[in-house]
Protein chains: 2
Amino acid sequence: MNTSKKILIVEDDPNISKLVEYNLQKSGFKTTSVDSGEKAIAMLQKDKFHLAILDIMLPGMDGLEICKKIKNNKKLSDMKILILTAKGEEVDKVLGFELGVDDYVVKPFSPRELVLRVKAILRRNETVKDLILCDGIKIDVKNHDVFVDNKKTELTAMEFKLLVTLVENKGNVQTRDYLLEEVWSSSSDITTRTIDTHIKRLRQKIGKYGKKIETVRSLGYRYID
Amino acid sequence: MNTSKKILIVEDDPNISKLVEYNLQKSGFKTTSVDSGEKAIAMLQKDKFHLAILDIMLPGMDGLEICKKIKNNKKLSDMKILILTAKGEEVDKVLGFELGVDDYVVKPFSPRELVLRVKAILRRNETVKDLILCDGIKIDVKNHDVFVDNKKTELTAMEFKLLVTLVENKGNVQTRDYLLEEVWSSSSDITTRTIDTHIKRLRQKIGKYGKKIETVRSLGYRYID
DNA sequence: TACAAATGTGACAAGTATGTGAAAAACAAG
DNA sequence: CTTGTTTTTCACATACTTGTCACATTTGTA
């Protein structure tokens, strides 16, 4: 169907990981599986994956810890995460979602369901470019680098996502609601004023191009085409 | 903020349907709810909805059957569908996805998540720019941009709504009462003279086309065809 | 023509959205 | 725990919108 995506499975029960691998491969995904958090981190540094399927219950570093590490790592934070959780671990679920997890599946699960969820997650943003050029701004999406008039500019994670969202939709107004969902994880509840603050700082940091981020009163913001 | 979308809720548990209705209405959606598939079908023939939220487990015609009927009906097939499903009904989920369902939410769900998913679904289709062209006036509805003879003209939120309403009904008189409902949310108690003030400001801003907004004495206003 | 009702218009006050700096909170690293 | 960074919140400033009013002008009618 499409360029096959790479999926990392972190699961200590070999029966489950084999089942999952088999079904994902049947659907055309490339899979790798490891049985501990430590190995997962090591693997993630070696190779790039589009999605990680994390078991919550793991010996040593558990799924949530891995998740945190991933989300806090600039180079990994755009990787998708699907959590596997045993019935009754609802607290974990909640925690998981707040960490920016994309979906979760409760064990025991049907392989078909898992595959569908994986497809759904990966479909969400398929058109991710690696390099975005816009006016004098160059964005290296993969490496989270931003250059303004060829001068490297340090942006924080939020500022980066915000800029990418604005620039990718150049010319179109992004409503606050949309930005909240796209830039901040949908499950967080944030004062919409937070957006304004970030816009302000982003404008500052991109210098003269700050003027190209336009306020559309009562609607949202847009990067002028 | 936006033209409010209509949502049909098909759910036999009144607790859930009330919860859902309450939260969606709070977010500005218009909701109708019915407790059976038969009533849903009847309702869909009477009125147009943008999204249907279907419970899978229903007495009589179940959610999937409704879904099938909708997707097979040309007039309805572009309506979006969100499925509500209880845990463990995985087969249903799968079937649902193959039927062209846009998203599903597993019970028990958080109202907030549901609302966010609904917003996300309804936003997907809005990527198509809808432009209104009328004389030398070009209106980019999505971006709230107005060009008069290709020159960008800044309109406030109210002026924008007013212009769109007038131009969309070009040739037909819009009574003050109608404008109050359409442009101002009907509930507000506003002097009708407020309309006149806004008409005046709008006329000024659209320059020579201001003359095309005609006063129909003792009735209302119209944009001349 | 005179009159009353409806509408046009400019000014203003109240309301609302956004900009901005700084403090507080959350977070990561040491 | 402490430190430094990022993120969020808050409070205040500012700029823009909106509704209302008073008065001017127009319109229809007698």
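Note that the coordinates shown come from a computational prediction; the quantities given were computed from them, not determined experimentally.
- If you measure from atom CG of A/Leu155 to atom P of D/dT6, you get 10 Å, rounded to the nearest angstrom.
- Following rounding to the nearest Å, A/Lys200 (NZ) and D/dT7 (P) show an atom-to-atom distance of 14 Å.
- Distance A/Arg203 CZ to C/dG21 P: 13 Å, rounded to the nearest Å.
- The distance between atom CG of A/Leu180 and atom P of D/dT7, rounded to the nearest whole Å, is 15 Å.
- Summarising the geometry, atom OG1 belonging to B/Thr215 is positioned 5.0 Å from atom OH belonging to B/Tyr221; distances are rounded to the nearest 0.5 Å.
- Taking 4.5 Å as the limit, some side-chain heavy atom of B/Ile206 sits within range of a side-chain heavy atom of B/Ile213.
- A side-chain donor-acceptor contact under 3.5 Å links A/Asn143 and A/Asp140.
- A sub-4.0 Å separation between OP1 or OP2 of C/dG19 and a side-chain N or O of A/Tyr221 is present.
- For D/dT8, one of the phosphate oxygens OP1 or OP2 lies less than 4.0 angstrom from a side-chain nitrogen or oxygen of A/Trp184.
- Between the CZ atom of A/Arg201 and the C1' atom of C/dT18 there is a distance of 15 Å, given to the nearest Å.
- Across all strands, A/Thr194 comes closer than 4.0 Å to base atoms (heavy-atom distances).
- Look at B/His198 and you'll find a side-chain N or O under 4.0 angstrom from OP1 or OP2 of D/dG19.
- For C/dT7, one of the phosphate oxygens OP1 or OP2 lies less than 4.0 angstrom from a side-chain nitrogen or oxygen of B/Arg176.
- If you measure from atom CD of A/Glu154 to atom P of D/dT5, you get 12 Å, rounded to the nearest angstrom.
- The number of heavy-atom neighbours closer than 6.0 Å to CG of A/Asp47, taken from other residues, nucleotides and ligands shown, is above 12.
- Going from atom CG of A/Asp196 over to atom C1' of D/dT14 covers 14 Å, rounded to whole Å.
- When atom types are taken as modelled, the side chain of A/Lys205 and the backbone of A/Glu154 share a donor-acceptor pair closer than 3.5 angstrom.
- Applying the 4.0 Å criterion to OP1 and OP2 of D/dA15, one finds that A/Arg217 has every side-chain N and O outside that range.
- Taking only side-chain nitrogens and oxygens, B/Gln204 comes nearer than 4.0 Å to OP1 or OP2 of C/dG10.
- Under 4.0 Å is where a charged nitrogen must lie from a carboxylate oxygen, and between A/Lys138 and A/Asp145 no such pair does.
- Using a 4.0 Å cutoff on non-hydrogen atoms, no part of residues 165-175 of chain B comes near DNA chain C.
- Residue-level contact check: A/Arg193 touches the bases, meaning some heavy atom is under 4.0 Å from a base atom.
- Partners of B/Glu21 according to the salt bridge (Lys or Arg N to Asp or Glu O under 4.0 Å) rule, which considers only residues two or more places apart in sequence or in another chain, do not exist here.
- As rounded to whole Å, 13 Å separates atom P of D/dG28 from atom CG of B/Leu219.
- Counting only heavy atoms from C-beta outward, the side chains of A/Ile139 and A/Phe160 approach each other to under 4.5 Å.
- For D/dC16, neither phosphate oxygen OP1 nor OP2 lies less than 4.0 angstrom from any side-chain nitrogen or oxygen of B/Thr156.
- In terms of phosphate contacts, A/Thr197 brings no side-chain nitrogen or oxygen within less than 4.0 Å of OP1 or OP2 of C/dG19.
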